[in-house]
Each structure stands twice: as C-alpha cells, then as structure tokens.
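This report concerns only the one structure given below.
As the structure is a prediction and not an experimental result, all values here were calculated from the model.
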Amino acid sequence: MYCKACGKVVPDDALYCPQCGAPLEKVDAEPAPNTSNNGNYHANNNYNHLSDKEREEMEFIQGRLNKGRLYGVISIVCSILGLGSFGSLDVVAIICGYLGLKSLKAVPNSYPDKVTAVTLNRAGIICSAGLIILTAIFIIIALVAFPWIFASIAGFFAGLI
C-alpha cells in the first residue's frame, strides 16, 4: 500500500504513514474524518474520531514529543547554568539533549512541534559542547601563560598532605 500524502510504501496494517505521519485510509471505505485542519490530524489533541488503537498510537507519539521537549528545555537550562561550572552541567546538558533527540525519533516529521523540540535539543548539545571546548582551551592557555599559578596551587595541596 502507498501513502497518499508522501507516496512512500507502507505496511498494509499501518494506521499512519511511518514517514510523514499522515493517517492512512482504510480499505473497507470507512468514512473519512473531518479534514478541516488540512489533513494535519494531530494539530489538536481531539482524538474522538479515532479507534482505540489509533488513539493509543497518537497518545504515544504525543508523549514522546512532550518528553523530547522536556529534555530540550533541561538541556538548554543546564547549558546556561553550566557557564561557570567548567563542564559539569554541560555534560548533563549533552546527555539530556541526546536523550531528547532519541525520544523524538518516534515522532513523525509532519508534527510542527517536532522541529522546535529537535532545535532545543540540538542547541543544548551544541552550546554545551562549545562551552566544554572553550573551557579546555582556557585551561591550556592558562597553563602555558601562567604556569606559576598552577605550580603554587599544586604546592599548596602538596603541603596539606
């Protein structure tokens, strides 16, 4: 069977196209749902016209989208808070960004909110990775330019032992 929205081959028992997320028409000529939202059936959360299986699938996808958005926000917040932490929160931000992107793989590309969630996660990862690299460069420059500072700090800690 082929998806009428994107033209990709889909399994016969699929309710939605795995490529674009468009609902697939039933062979037994069930009446078409209301198309007043231009075929974007997931634009609002009104799942009343769907069967139980379709509703479960849509709620699963919506849950994954919410989870991806949450990870994206956590990633951005940890990246911002990690500015002065020398990479400790930046690692958390990268991990949250990765988990957010991983959870968003189940969301079809036709969801308009998916772009925002993916962007949040990618921004958190990129900002945090950049801050980790800048911190490493700062430490290397400080070691080269001011080796006496690090020698005195090492001597201080050696004196404590």
Side-chain angles (χ1 to χ4, degrees), residues 1-140:
M1 174 163 75
Y2 293 94
C3 174
K4 290 188 178 183
C6 68
K8 301 288 183 179
V9 176
V10 296
D12 290 336
D13 61 341
L15 299 173
Y16 294 89
C17 175
Q19 297 295 320
C20 71
L24 301 173
E25 291 184 17
K26 305 266 190 273
V27 177
D28 53 21
E30 199 175 284
N34 182 7
T35 58
S36 62
N37 54 6
N38 298 327
N40 192 2
Y41 299 104
H42 45 266
N44 56 18
N45 291 336
N46 185 5
Y47 302 141
N48 294 335
H49 64 278
L50 300 176
S51 69
D52 288 340
K53 182 178 178 184
E54 292 171 325
R55 187 175 300 117
E56 285 177 16
E57 186 176 331
M58 293 300 290
E59 288 173 355
F60 169 77
I61 290 173
Q62 191 65 39
R64 295 300 288 260
L65 182 62
N66 291 339
K67 186 177 179 181
R69 277 190 289 227
L70 176 65
Y71 276 127
V73 169
I74 292 171
S75 180
I76 292 290
V77 169
C78 287
S79 178
I80 291 169
L81 293 177
L83 287 172
S85 67
F86 295 105
S88 57
L89 280 176
D90 292 325
V91 173
V92 173
I94 290 172
I95 292 169
C96 285
Y98 169 75
L99 291 174
L101 290 175
K102 189 174 177 183
S103 71
L104 289 168
K105 284 188 176 185
V107 179
N109 291 334
S110 63
Y111 277 75
D113 293 344
K114 181 179 181 178
V115 174
T116 305
V118 168
T119 303
L120 278 173
N121 287 289
R122 287 181 180 165
I125 291 171
I126 291 169
C127 290
S128 297
L131 288 172
I132 290 172
I133 292 169
L134 286 175
T135 302
I137 291 171
F138 171 74
I139 291 172
I140 291 169

Those residues at least two apart in sequence (or on a different chain) that pass salt bridge (charged side-chain N to carboxylate O under 4.0 Å, His left out) with Arg64 are none
Of Ile95, Ile132, Ile125, Leu134, which is the lone residue that meets side-chain contact (heavy atoms from CB on, under 4.5 Å) with Asp90? Ile132
Residue pair Cys78 / Ala93: nearest heavy atoms and the distance that separates them: CB-CB, 3.7 Å
Write out all pairs satisfying side chain to side chain donor-acceptor pair (under 3.5 Å) with one or both partners inside residues 121-130, taking only residues at least two apart or from two chains. Ser79-Ser128
Closest contact, heavy atoms only, Leu65 versus Ala117: CD1-CB, 4.4 Å
Residues forming a side chain to side chain contact (heavy atoms under 4.5 Å, CB included) with Asn66, sequence neighbours excluded: Gln62, Arg69
Partners passing side chain to side chain contact (heavy atoms under 4.5 Å, CB included) against Lys105 (at least two apart in sequence or in another chain): none
Residues in side chain to side chain contact (heavy atoms under 4.5 Å, CB included) contact with Ile61, at least two apart in sequence or another chain: Glu57, Val107, Pro108, Tyr111
Taking all non-hydrogen atoms of both residues, which atom of Tyr71 and which atom of Cys96 are closest, and how far apart? CB-O, 3.3 Å
Spacing of CG belonging to Leu24 relative to CG belonging to Asp12, to within rounding of 0.5 Å: 10.0 Å
With sequence neighbours left out, what residues match Leu120 under side chain to side chain contact (heavy atoms under 4.5 Å, CB included)? Val73, Ile76
Set of residues satisfying salt bridge (charged side-chain N to carboxylate O under 4.0 Å, His left out) with respect to Asp52, sequence neighbours excluded: Arg55
Sorted by chain and number, sequence neighbours left out, side-chain hydrogen bond (donor to acceptor under 3.5 Å, both in side chains) with Lys114 holds for Asn109
